[in-house]
Amino acid sequence: MLIVTRILNGGTWSTLGIKPSKSRNQKLCLKRSAVVRSEVNFVNADEAKRLVTEEGYTVVDVRDRTQFERAHIRSCSHVPLFIENNDNDFGTIVKRTVHNNFSGLFFGLPFTKPNPDFVRSVKDQFSADSKLLLVCQEGLRSTAAANKLDEAGFQNISCITSGLQSVKPGTFDSVGSVELQNAGKAGLVTVQGKISAVLGTVLICAYLFITFFPDQAEKILQMSPAS
């Protein structure tokens, strides 16, 4: 279909231009082709292990530096989706102080900001057709990272559903001071957990002692100051 545009100039029609017009179906096809992308593959820990050992996937850990240092899969690549925020503007200082006194203290989480160089850093290390297994602690950051890389043209992206916290010990060869599933636990929460475990053990032992040795338990209770 051709569109001819003309104007009246001194009593005569003059042609300004001729250009082809796309049909409605052509426009729809172009629009659809522009948004077609590969799908991100979500797998469990066992399937993730198979992708690495049998299909040659490379593990890309997108967690922050502190969790990565606590435990990570051996020979993985570390490209954090979030980096520590050490900016010194007034607003950031206030937010960082509040964070460190609460989340940082109780959960051992650093104050972070999105890594502006995340996609570029991955592109510097891998081609668009590389097979990449993205991992984080809970599965949220790896999903966000996968979406970014998918939009950037990467074609073979997989993530572990629920993250490394769902990986059983021994599934992957790991490096660090704790198991992969415990790398997200830090701060006072871990201390509280240890105290709770000790108290629970003491209570269970006391219950068993009273159950199997009631006479001795009664004598001990009679010797207590409250009696």
At what distance, to the nearest 0.5 angstrom, does [atom1] of [X] lie from [atom2] of [Y]?
| X | Y | atom1 | atom2 | result |
| --- | --- | --- | --- | --- |
| Thr171 | Ile160 | OG1 | CD1 | 9.0 Å |
| Gln181 | Ser174 | CD | OG | 10.0 Å |
| Arg70 | Asn182 | CZ | CG | 10.5 Å |
| Gln67 | Glu138 | CD | CD | 6.0 Å |
| Phe154 | Lys123 | CZ | NZ | 6.5 Å |
| Glu84 | Arg65 | CD | CZ | 4.5 Å |

Is any side-chain heavy atom of [X] closer than 4.5 Å to a side-chain heavy atom of [Y]?
| X | Y | result |
| --- | --- | --- |
| Leu164 | Phe172 | no |
| Leu134 | Asp61 | no |
| Phe126 | Val60 | yes |
| Val59 | Val135 | yes |
| Asp117 | Ile83 | no |

Any idea which heavy atoms bring [X] and [Y] closest together, and the distance?
| X | Y | result |
| --- | --- | --- |
| Pro114 | Pro116 | O-CD, 3.1 Å |
| Cys76 | Phe68 | SG-CE1, 3.6 Å |
| Ser142 | Cys136 | N-SG, 3.3 Å |
| Ala71 | Val178 | CB-O, 3.3 Å |

For the pair Glu151 and Lys148, find out whether any cationic side-chain nitrogen is under 4.0 Å from an anionic carboxylate oxygen. no
Between Lys49 and Asp46 (salt bridge meaning N to carboxylate O under 4.0 Å), is one present in this structure? no
Test your reading of the model: is there a side-chain donor-acceptor pair from [X] to the backbone of [Y], 3.5 Å cut-off?
| X | Y | value |
| --- | --- | --- |
| Asn44 | Glu47 | yes |
| Asp64 | Phe82 | no |
| Asn115 | Pro80 | yes |
| His72 | Ala183 | no |
| Gln137 | Leu180 | yes |

Would you say [Y] ends up clustered with [X] if hydrophobic residues are merged whenever their side chains have heavy atoms under 4.5 Å apart, either directly or through other cluster members?
| X | Y | answer |
| --- | --- | --- |
| Val122 | Val40 | yes |
| Ile73 | Val79 | no |
| Phe42 | Leu132 | yes |

For Ser158, which residues count as a side chain to side chain contact (heavy atoms under 4.5 Å, CB included) partner, sequence neighbours excluded? Asn41, Leu51, Tyr57, Leu133
Please determine, by modelled atom types, if Gln125 and Ser77 share a side-chain donor-acceptor pair under 3.5 angstrom. yes
Residues at least two apart in sequence or cross-chain that pass side chain to side chain donor-acceptor pair (under 3.5 Å) with Lys113, listed by chain then number, are Asp87
